[in-house]
*Asks:* 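My questions all concern the structure below.
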Protein chains: 2
Amino acid sequence: MYFSKNTIENLDSRYRAHFINSLSGFKSANLIGTQDNQGHTNLAIVSSVFHLGAHPPLVGMIIRPHSVPRHTLENILETGFYTINHVNKTIYQQAHQTSARYDKAESEFIATGLEAEYLADFKAPYVKDSRLKYGVELKEHHHLEINGTELIIGEITAIHLDKHSIDNDGFVDIESLETVAVSGLDSYHTTERLARLAYAKK
Amino acid sequence: MYFSKNTIENLDSRYRAHFINSLSGFKSANLIGTQDNQGHTNLAIVSSVFHLGAHPPLVGMIIRPHSVPRHTLENILETGFYTINHVNKTIYQQAHQTSARYDKAESEFIATGLEAEYLADFKAPYVKDSRLKYGVELKEHHHLEINGTELIIGEITAIHLDKHSIDNDGFVDIESLETVAVSGLDSYHTTERLARLAYAKK
């Protein structure tokens, strides 16, 4: 089935949101933990976290300023710190619930029952029941004029995970941690490994 | 288990590459099809394609200029067009093989046996055996000084997929197309849906 540029432009906006959000492939499922300078916490699920580099260890994410994670964006710009917490099979429904439009004064930790924890003096809250989580320091943010989104780039400065999940070569078996994948706007998936493939040579 | 900033900095570089690449969560698996102005084709697997917006329909990806997909980057900048093709369970091993360091004059389509096809006059080659694929026009590229990577932003102008995979609301069941997910540098996964969750309300 073929959709031309003209067909895409004329799709109903809600239909197009579901459709276009499905095209990139499977996405990561992460909870972003933040707080403001007064210590009011915030938690938001995002599917736009992506690997940017290993040396220095950098991670990127996209936030739409008028979307639900706008409080997250405000807190990151205010404090410079945030946590990224893998969503797993046990907590994915609570994680999804953080996408409801809570007021800034309401903490999604309390509203959803996901417990906050503070680790190793890091200045943002982690999600206790996430089994792979890390602390990130804001390095750059870029306003993308093309559609008004913000690209947030941070450096990973603290990592917490189950020891047994790390292979000898540094690979983390996130499937063993029951980390979930997202497709489209609202579909959550567990995974089954096909294989780890050897470094490709000619 | 806790890794401090200092511990992370002192990891062996290959270990750190596997480790940090695992942290973002599950990633998309896509083949980028390009050609130069003389019609020499190129195909590269990337795990950095991400959704940027539905209106206009925009997709982003990160390319490291000195990595294997550098020929892809050169072709995109030369012609302004590329295709994004979901990697599925049937072709993931051939897809992975495109990451070998072929010379620019060698086409990964021929080297890996993945067949190229041209659809609806789009000026870049698609992967015939991909079941969800789309044509993209380059809109912007940003050099990210922080680590020398390039952010490529394009507009989706043509989409080809199996009709039966589209739900009534526009959601595409990419699991039914056997699209795979990636973790770390080299691990490929099929998925099993937990649920599609309703739009979250307070």
Side-chain angles (χ1 to χ4, degrees), chain A residues 1-3 5 8 15-26 28-30 48-51 53-54 57-59 86 96-97 99-100 102 120 134 139-140 146-147 157 159-161 163 169-172 174 179 181 183-184 186-197 200-202, chain B residues 1-3 5 8 15-26 28-30 48-51 53-54 57-59 86 96-97 99-100 102 134 139-140 146-147 153 157 159-161 163 169-172 174 179 181 183-184 186-197 200-202:
Chain A
M1 190 173 186
Y2 170 55
F3 291 75
K5 183 171 182 175
I8 298 167
Y15 186 100
R16 184 174 47 218
H18 281 292
F19 188 52
I20 301 297
N21 263 283
S22 302
L23 299 184
S24 56
F26 286 103
S28 56
N30 288 291
S48 64
V49 168
F50 59 89
H51 173 79
L58 298 175
V59 64
H86 276 209
H96 184 75
Q97 182 60 29
S99 63
Y102 296 103
Y134 45 102
K139 300 302 280 186
E140 294 184 1
I146 193 165
N147 69 345
T157 61
I159 304 168
H160 302 268
L161 76 172
K163 186 176 183 178
D169 64 356
F171 171 81
V172 182
I174 64 175
T179 295
S183 67
D186 53 24
S187 186
Y188 294 85
H189 307 256
T190 56
T191 62
E192 188 167 343
R193 190 191 291 173
L194 289 163
R196 283 191 71 188
L197 297 183
K201 292 177 179 168
K202 273 178 67 173
Chain B
M1 191 175 185
Y2 170 55
F3 291 75
K5 183 171 182 176
I8 298 166
Y15 185 100
R16 184 175 46 218
H18 281 292
F19 187 52
I20 301 297
N21 264 282
S22 302
L23 298 186
S24 55
F26 286 103
S28 56
N30 288 291
S48 64
V49 168
F50 58 90
H51 173 79
L58 298 175
V59 64
H86 277 209
H96 184 75
Q97 182 59 30
S99 63
Y102 296 104
Y134 44 102
K139 301 302 279 188
E140 294 183 1
I146 192 164
N147 70 345
I153 297 174
T157 61
I159 304 167
H160 302 268
L161 77 170
K163 185 175 182 177
D169 64 357
F171 171 81
V172 182
I174 64 174
T179 295
S183 69
D186 53 23
S187 187
Y188 295 84
H189 307 256
T190 56
T191 61
E192 189 168 341
R193 189 191 294 173
L194 289 163
R196 283 191 71 187
L197 297 183
K201 291 178 180 166
K202 276 179 63 171

*Asks:* Tell me, do B:Leu194 and A:His189 make a side-chain contact under 4.5 Å, heavy atoms counted?
*Replies:*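 Sidechains of A:His189 and B:Leu194: no contact.
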*Asks:* Using heavy-atom distances under 4.5 Å, tell me whether A:Asp169 contacts chain B through its side chain, its backbone, both, or neither.
*Replies:*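 Its backbone and side chain both get close to chain B.
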*Asks:* Among the options B:Tyr188, B:Phe26, B:Phe19, B:Tyr134, pick out the one with the most heavy-atom pairs lying under 4.5 Å from chain A.
*Replies:*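 Heavy-atom pairs under 4.5 Å are most numerous for B:Phe26.
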*Asks:* Could you give me the CA-CA distance, side-chain angles and deciding distance for A:Leu161 and B:Tyr2, then say whether side-chain contact (heavy atoms from CB on, under 4.5 Å) is met?
*Replies:* CA-CA 7 Å; A:Leu161 76 172; B:Tyr2 170 55; over 6 Å; no
*Asks:* Could you measure the distance from the CZ atom of A:Arg196 to the NE2 atom of B:His18? Nearest 0.5 Å is fine.
*Replies:*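 Interatomic distance, A:Arg196 CZ to B:His18 NE2, rounded to 0.5 Å: 5.5 Å.
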*Asks:* Would you mind telling me which of A:Asn21, A:Thr179, A:Val49 has the largest number of heavy-atom pairs within less than 4.5 Å of chain B?
*Replies:*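 Sorted descending by pairs with chain B, the first entry is A:Asn21.
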*Asks:* Report the option among B:Ser99, B:Pro57, B:Ala17 that has the most heavy-atom pairs separated by less than 4.5 Å from atoms of chain A.
*Replies:*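 Option with the greatest count: B:Pro57.
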*Asks:* Against chain A, label B:Lys201 side chain, backbone, both or neither, depending on which of its atoms sit under 4.5 Å from a heavy atom there.
*Replies:*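 Answer is backbone: N, CA, C or O of B:Lys201 sit under 4.5 Å from chain A.
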*Asks:* Can you tell me if B:Ser22 uses its side chain to pair, donor with acceptor, with the backbone of A:Val172 under 3.5 Å?
*Replies:*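 Judged by distance alone, yes, a pair lies under 3.5 Å.
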*Asks:* Under 4.5 Å, counting heavy-atom pairs only, tell me which of B:Val59, B:Asn147, B:Ile174 racks up the most with chain A.
*Replies:*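 Among B:Val59, B:Asn147, B:Ile174, the one with the most close pairs to chain A is B:Ile174.
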*Asks:* Mind running side-chain contact (heavy atoms from CB on, under 4.5 Å) on B:Thr191 and A:Thr190 for me, showing each step along the way?
*Replies:* CA-CA 6 Å; B:Thr191 61; A:Thr190 56; over 6 Å; no
*Asks:* Mind checking whether A:Leu23 and B:Ile159 have side chains closer than 4.5 Å, heavy atoms only?
*Replies:*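 Side-chain contact under 4.5 Å: yes.
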*Asks:* Can you tell me which portion of B:Gln97 sits under 4.5 Å from chain A's heavy atoms? Options are side chain, backbone, both or neither.
*Replies:*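 Both parts, heavy atoms under 4.5 Å.
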*Asks:* Who wins among B:Ala195, B:Ser48, B:Ala29, B:Ala181 for the most heavy-atom pairs under 4.5 Å with chain A?
*Replies:*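 Among the listed options, the one with the most contacts to chain A is B:Ala195.
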*Asks:* Report which part of B:Phe50 has an atom under 4.5 Å of a heavy atom belonging to chain A: side chain, backbone, both, or neither.
*Replies:*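 Both backbone and side chain.
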*Asks:* Mind checking the CZ-OG spacing from B:Arg193 to A:Ser183? Nearest 0.5 Å is all I need.
*Replies:*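 With rounding to 0.5 Å, CZ (B:Arg193) is 6.5 Å from OG (A:Ser183).
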*Asks:* Given that the side chain runs from C-beta out, which part of A:Ile8 has a heavy atom under 4.5 Å from chain B: side chain, backbone, both or neither?
*Replies:*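 The side chain, not the backbone.
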*Asks:* So, taking the atom named OG in A:Ser24 and the one named CG in B:Asn30, what distance separates them when rounded to the nearest 0.5 Å?
*Replies:*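 Nearest 0.5 Å value for the OG-CG distance: 7.5 Å.
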*Asks:* Against chain B, work out which of A:His86, A:Glu192, A:Lys163, A:Lys139 has the most heavy-atom pairs shorter than 4.5 Å and name it.
*Replies:*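 Ranked by heavy-atom pairs under 4.5 Å with chain B, first place is A:Glu192.
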